[in-house]
Amino acid sequence: MVRATRIAPVLAVSLVVTLAFVGTAPEAGARTLRRTHMLQLINAAREDRGRVDLRLNRKLSWYAKRHSRRMAEKGYIFHTRSLSSRLSNVSWSVAGENVGAGGSVDTLFQAFMASDPHRRNILLGSYRHVGVGMVRRDGYLWVTMVFYG
């Protein structure tokens, strides 16, 4: 009986912690899936044109997500003022940025590919890395992609 009374509080705390984590996990998982899906679309387009795959830079993706959140909060898209300052911790010689808002990863990617400057960023052969950050707000998916090589 003593063992059961000691275990019950531990189980109750474990259940609360588990439920709290599971309650937040779907959105975090959805963000990761969206980012992964965008990277797959980017690399498929690059492979079709004989370009090397881009590697995801997680630190830059964190910045890209923050930038996407700021755009969503303001309700309009805008580029990073000083992209070079965001790349100060990596070795780069060329960089670019795509920003946008749309309904889904697929429609955003199609819109980027339909725009000459955005498509050029996605396909530029000298890029080797990308940071991708997305935020969903009010039915829109806000995205920032930072490329460098």
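These numbers were taken from a predicted model, which means no experiment stands behind them. FYI, side chains are in, hydrogens and waters are out, and symmetry mates aren't considered; it's all heavy atoms of this structure.
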Student: Can you confirm whether more than 12 heavy atoms, excluding those of D138, are under 6.0 Å from its CG atom?
Tutor: no
Student: When you measure from the side chain of R136 to the backbone of G103, do you find a donor-acceptor pair of N or O atoms at a distance under 3.5 Å?
Tutor: yes
Student: For S104 and T107, indicate whether the former's side chain and the latter's backbone hold a donor-acceptor pair under 3.5 Å.
Tutor: yes
Student: What is the minimum heavy-atom distance between R46 and L123, and which atoms define it?
Tutor: NH1-C, 3.6 Å
Student: Taking all non-hydrogen atoms of both residues, which atom of V94 and which atom of S126 are closest, and how far apart?
Tutor: CG1-OG, 3.4 Å
Student: Please report the closest heavy-atom contact between G131 and S61, naming both atoms and the distance.
Tutor: CA-OG, 3.4 Å
Student: Within the distance-only criterion (no hydrogens, no angle test), does the side chain of H118 pair as donor or acceptor with the backbone N or O of F109 below 3.5 angstrom?
Tutor: no
Student: Is the number of heavy atoms from other residues, nucleotides or ligands under 6.0 Å of R55 CZ greater than 12?
Tutor: no
Student: Run through L60, V130, V99 and flag the one making a side-chain contact (heavy atoms from CB on, under 4.5 Å) with V146.
Tutor: L60
Student: Please check this pair: side chain of R35 against backbone of G133, looking for a donor-acceptor N/O pair closer than 3.5 Å.
Tutor: no
Student: Give me the atom names and distance for the closest heavy-atom approach of K65 to V135.
Tutor: O-CG2, 3.7 Å
Student: What do you reckon, is CZ of R49 surrounded by more than 12 foreign heavy atoms closer than 6.0 Å?
Tutor: yes
Student: Is the backbone N or O of L83 less than 3.5 Å from a side-chain atom of E97, with the two atoms forming a donor-acceptor pair by type?
Tutor: no
Student: Any non-hydrogen side-chain atom of K59 less than 4.5 Å from a side-chain atom of V90?
Tutor: no
Student: With sequence neighbours excluded, tell me which residues meet side-chain hydrogen bond (donor to acceptor under 3.5 Å, both in side chains) with D116.
Tutor: R119
Student: Do you know which two heavy atoms are closest between R51 and L124, and how far apart they sit?
Tutor: NE-C, 4.5 Å
Student: Can you check whether F112's main-chain N or O pairs, donor with acceptor, with S115's side chain at less than 3.5 Å?
Tutor: no
Student: Tell me whether Y63 at atom OH has more than 12 heavy atoms from other residues, nucleotides or ligands lying less than 6.0 Å away.
Tutor: yes
Student: Might you work through the side chain to side chain contact (heavy atoms under 4.5 Å, CB included) test for L141 and R34, ending with a clear yes or no?
Tutor: CA-CA 10 Å; L141 187 58; R34 288 191 297 255; 3.5 Å; yes
Student: Can you list the residues that meet the side-chain hydrogen bond (donor to acceptor under 3.5 Å, both in side chains) rule with H129, with sequence neighbours excluded?
Tutor: none
Student: Determine the minimum heavy-atom distance between A95 and L87, stating which atoms define it.
Tutor: CB-CD1, 3.3 Å
